Amino acid sequence: MTDTSRIEISGSGLRCADVVRVARRSAWTELAPEAVTGAERSYELAVELGAKRAVYGRTTGVGANRHTVVDPESADHHGLRLLRSHAGGTGEPLADEVVRAVMAIRLNQLAAGGSGVHPRLLRALETALRVGALPLVHSRGAIGTGDLTALAEVALTLAGELPWAAGDLDPLSISPGDALAFISSNAATLAEAVLAWHDLRRLLSASHVVTALTFCALGGSAEAYSQRVHAARPHPGAVYCAAELRRLLLEGDEVLDGRRLQDPFGLRAFPQVQGPALDAAASVERVLDIDINAAAENPLIDVETEQAYHHGQFSTAHVALAFDHLRAALHHVAELSTARLGDLVEPDLSGLPPFLAQGPAGSSGIMILEYVAHDALGTLRHASSPVTLGTAVISRGLEDHASFSTHAVRSTVTATAAYRTVLACELLGAVRALRLSGVALPNTPLREAFRLAEGALPYIAEDHPLSAEISLAERLLDRLAVL
């Protein structure tokens with residue numbers, strides 16, 4: 001039987017989903033023996049090359065100090081000085097799950113064998129993950145050219161110079177050339193990126209279920225989701241979205257004829273709008289899968305050619321641009337959700353009382369949900385602005401470009417939280433409309449979705465505060481995503 005709780009770390013083949021499982025403690029990591037062997041060869045080569053020629057960060061300073069030759073063997077050696085000087089992060093500490101993801105990604109990158117760090121650093125990260133020892137890592141200090149402050153804090157914690165946030169390990173000796181090799185990575189940004197991608201992708205899955213519930217409440221026409229329609233313009237995300245709606249709405253080969261000749265865009269054009277977001281999420285996953293398995297340290301210690309290559313692999317323009325694209329696509333999806341909520345409260349479309357109200361004349365029903373949804377949509381709109389249109393010039397002009405990928409990822413976290421609220425408001429409206437109409441749902445996973453919603457969301461006919469129900473609906477979305 002395969003041990004699904006164990007993830008082998010070899011420097012290749014690590015998936016975003018694996019990182020999520022380690023971060024959220026449903027799996028643990030184990031170094032592959034060949035990864036340790038490869039790291040040993042890389043370390044030996046790095047020492048050899050440093051004795052023969054200038055190697056950036058090993059025998060020289062860093063940044064604009066690249067031409068300054070240093071003595072790595074001095075009593076207070078260059079590596080520790082470098083770590084101490086770069087451990088200047090500030091802001092709120094990263095959440096525990098993010099720190100675990102940082103350590104798992106950095107371990108896997110080091111296992112790829114291009115850094116030249118001493119193998120004991122790999123073993124220390126592996127052990128820390130296993131026993132639950134976590135460094136304290138601050139959130140602020142990265143601009144998309146390497147998470148220098150965050151990784152310096154990790155390294156100094158391993159060395160015993162900074163306190164552990166949880167658990168502890170015996171202090172580790174840092175070899176003279178280990179410092180830059182260890183911090184030359186975007187592992188912290190990638191850790192936040194993987195978790196952000198996972199949470200947003202799950203919400204996009206829930207979007208299919210919520211939209212299908214609204215479809216039934218509004219008496220939509222499934223003609224717009226026909227396989228023949230989407231085969232004629234086969235964008236992958238749109239094809240997948242239409243197939244998901246058919247799975248949720250249709251029993252066998254039946255065709256649902258709606259109340260109208262053409263539905264509002266919120267229903268009719270949903271695959272065409274949701275599809276780009278699904279494609280963008282898939283693109284993000286491809287970028288992250290490459291980077292979490294990358295030997296991107298500068299310089300690259302290449303065992304095969306026995307050379308050290310100086311390069312610009314620290315740049316994360318791919319990550320930044322992919323997340324900017326994803327947020328822009330998400331905004332369109334959220335706009336359709338607010339449009340469908342507007343359809344649900346319109347009697348001409350729902351066949352139900354205005355605002356799905358019950359009680360005396362003038363009752364407001366769920367009127368306030370539109371305000372809440374559009375407030376969240378406004379937040380999402382601002383968070384969707386591209387962060388990649390600016391740059392930074394630092395280190396006396398030598399480092400003259402920055403992607404700000406960290407900020408692109410954090411803007412995505414904000415956008416995802418806002419979209420969760422938007423979608424929860426639509427879910428509340430759809431469930432209330434279905435309760436009022438008594439429409440029979442198809443015998444598909446959608447029936448189970450409605451059963452879950454009925455069990456989780458109270459039914460209160462008269463006007464009342466909806467805050468608690470919005471929170472319940474937000475939490476319910478994760479359960480709907482896996483139906």
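Everything quoted here is computed from the prediction, not taken from an experiment.
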What residue pairs, at least two apart or across chains, pass salt bridge (Lys or Arg N to Asp or Glu O under 4.0 Å) with a residue in residues 264-286? none

Assess, by modelled atom type and distance only, whether the side chains of Thr189 and Asp147 contain a donor and an acceptor separated by less than 3.5 Å. yes

State the CG-CD distance between Leu14 and Glu8, to the nearest 0.5 angstrom. 11.0 Å

Under 3.5 Å: donor-acceptor pair, side chain of Asn108, backbone of Gly11: yes

Ignoring hydrogens and geometry beyond distance, is a side-chain donor-acceptor pair present between Glu92 and Ser139 at under 3.5 Å? no

When you compare the side chains of Glu426 and Thr214, does any donor N or O come within less than 3.5 Å of an acceptor on the partner? yes

Are the charged groups of Arg100 and Glu97 less than 4.0 angstrom apart, N to O? no

Heavy-atom side-chain contact between Cys16 and His198 under 4.5 Å: no

Derivation and outcome, side chain to side chain donor-acceptor pair (under 3.5 Å), residues Thr421 and Glu474: CA-CA 6 Å; Thr421 299; Glu474 287 182 348; 2.6 Å; yes

Straight-line distance of Leu195 CG to Thr416 OG1, nearest 0.5 Å: 11.5 Å

State whether a side-chain donor-acceptor pair under 3.5 Å links Thr211 with Arg340. yes

Electrostatic pair Arg15-Asp289, nearest N-O below 4.0 angstrom: no

Looking at Gly266 and Leu336, what are the two nearest heavy atoms and their distance? CA-CD2, 3.8 Å

Is any side-chain heavy atom of Thr388 closer than 4.5 Å to a side-chain heavy atom of Phe404? no

Looking only at atom types and distance, does a side-chain atom of Arg202 sit under 3.5 Å from a main-chain N or O of Leu477, one as donor and one as acceptor? no

Go through the structure and list residues passing salt bridge (Lys or Arg N to Asp or Glu O under 4.0 Å) with Glu161, not counting sequence neighbours. Arg84

Does any non-hydrogen side-chain atom of Phe182 lie less than 4.5 Å from one of Ile174? no

With a 4.0 Å cut-off, would you call Arg24 and Asp199 a salt bridge? yes

Write out all pairs satisfying salt bridge (Lys or Arg N to Asp or Glu O under 4.0 Å) with one or both partners inside residues 170-198, taking only residues at least two apart or from two chains. Glu192-Arg410

Can you see which heavy atom on Leu148 is nearest to which on Ile183, and at what distance? CD2-O, 3.5 Å

Between Arg247 and Glu244, is the closest basic N to carboxylate O distance under 4.0 Å? yes

Do Val19 and Trp197 make a side-chain contact, defined as non-hydrogen atoms from C-beta onward lying under 4.5 Å apart? no

Is any side-chain heavy atom of Leu136 closer than 4.5 Å to one of Leu162? no

For Ser405, is there any backbone N or O sitting under 3.5 Å from a side-chain donor or acceptor partner on Thr316? no

Under the salt bridge (charged side-chain N to carboxylate O under 4.0 Å, His left out) rule, what do Asp18 and Arg6 come out as? Steps first, then yes or no, please. CA-CA 10 Å; Asp18 297 328; Arg6 171 182 167 275; over 6 Å; no

Answer with yes or no whether the side chains of Ser337 and Tyr419 bring together a donor and an acceptor at under 3.5 Å. no

Are the side chain of His138 and the backbone N or O of Arg140 linked by a donor-acceptor pair below 3.5 Å? no

I'd like to know if the side chain of Ser385 reaches the main chain of His382, judged simply by a donor and an acceptor atom lying under 3.5 Å from each other, with no hydrogens or angles considered. yes

Do Tyr43 and Ile301 have side chains that approach each other closer than 4.5 Å (heavy atoms only, starting at C-beta)? no

What distance do Leu180 atom CG and Tyr56 atom OH have between them, rounded to the nearest 0.5 Å? 6.0 Å

Hey, could you give me the CG/OG distance between Leu110 and Ser115, rounded to the nearest 0.5 Å? 4.5 Å

Please check if any side-chain donor atom of Gln274 sits under 3.5 Å from a side-chain acceptor atom of His208, or the reverse. yes

Using a 3.5 Å distance criterion without hydrogens, assess whether the side chain of Asn186 forms a donor-acceptor pair with backbone atoms of Gly146. yes

Examine distances only and state if a side-chain atom of Ser184 and a backbone atom of Asn298 form a donor-acceptor pair shorter than 3.5 Å. yes

Determine whether a donor-acceptor pair (N or O, by modelled atom type, separation under 3.5 Å) exists between the side chain of Arg106 and the backbone of Val102. no

Between Ser205 and Arg201, does the side chain to side chain donor-acceptor pair (under 3.5 Å) criterion hold? Intermediate values first, please. CA-CA 6 Å; Ser205 294; Arg201 184 63 183 81; 3.0 Å; yes

Shortest non-hydrogen contact from Ala334 toward Leu377: CB-CD1, 3.7 Å

Value for CZ (Arg25) from CG (Asp96), rounded to nearest 0.5 Å, stands at 8.0 Å

Give a yes or no on whether the backbone of Gly38 and the side-chain of Ser42 come within a donor-acceptor separation of less than 3.5 Å. no

Give the intermediate values and the outcome of salt bridge (charged side-chain N to carboxylate O under 4.0 Å, His left out) for residues Glu48 and Arg53. CA-CA 9 Å; Glu48 180 182 334; Arg53 52 164 288 196; over 6 Å; no

With a 4.5 Å cut-off on side-chain heavy atoms, are His86 and Val62 touching? yes

Taking the side chain from Ser85 and the backbone from Leu82, do they hold a donor-acceptor pair closer than 3.5 Å? yes

Using a distance-only test with no angle check, is there a side-chain donor-acceptor pair under 3.5 angstrom linking Thr338 and Glu370? no

Leu483 versus Leu452: any side-chain heavy-atom pair under 4.5 Å? yes

For Arg475, what residues pass the side-chain hydrogen bond (donor to acceptor under 3.5 Å, both in side chains) criterion, not counting sequence neighbours? none

State, without any angle test, whether Ser12 and Asn293 hold a side-chain donor-acceptor pair at a distance under 3.5 Å. no

What pairs with Glu306 under salt bridge (Lys or Arg N to Asp or Glu O under 4.0 Å), at least two apart in sequence or on another chain? none

Contacts of type side-chain hydrogen bond (donor to acceptor under 3.5 Å, both in side chains), residue Arg120, not counting sequence neighbours: His118, Ser175

Tell me whether His318 at atom NE2 has more than 12 heavy atoms from other residues, nucleotides or ligands lying less than 6.0 Å away. no

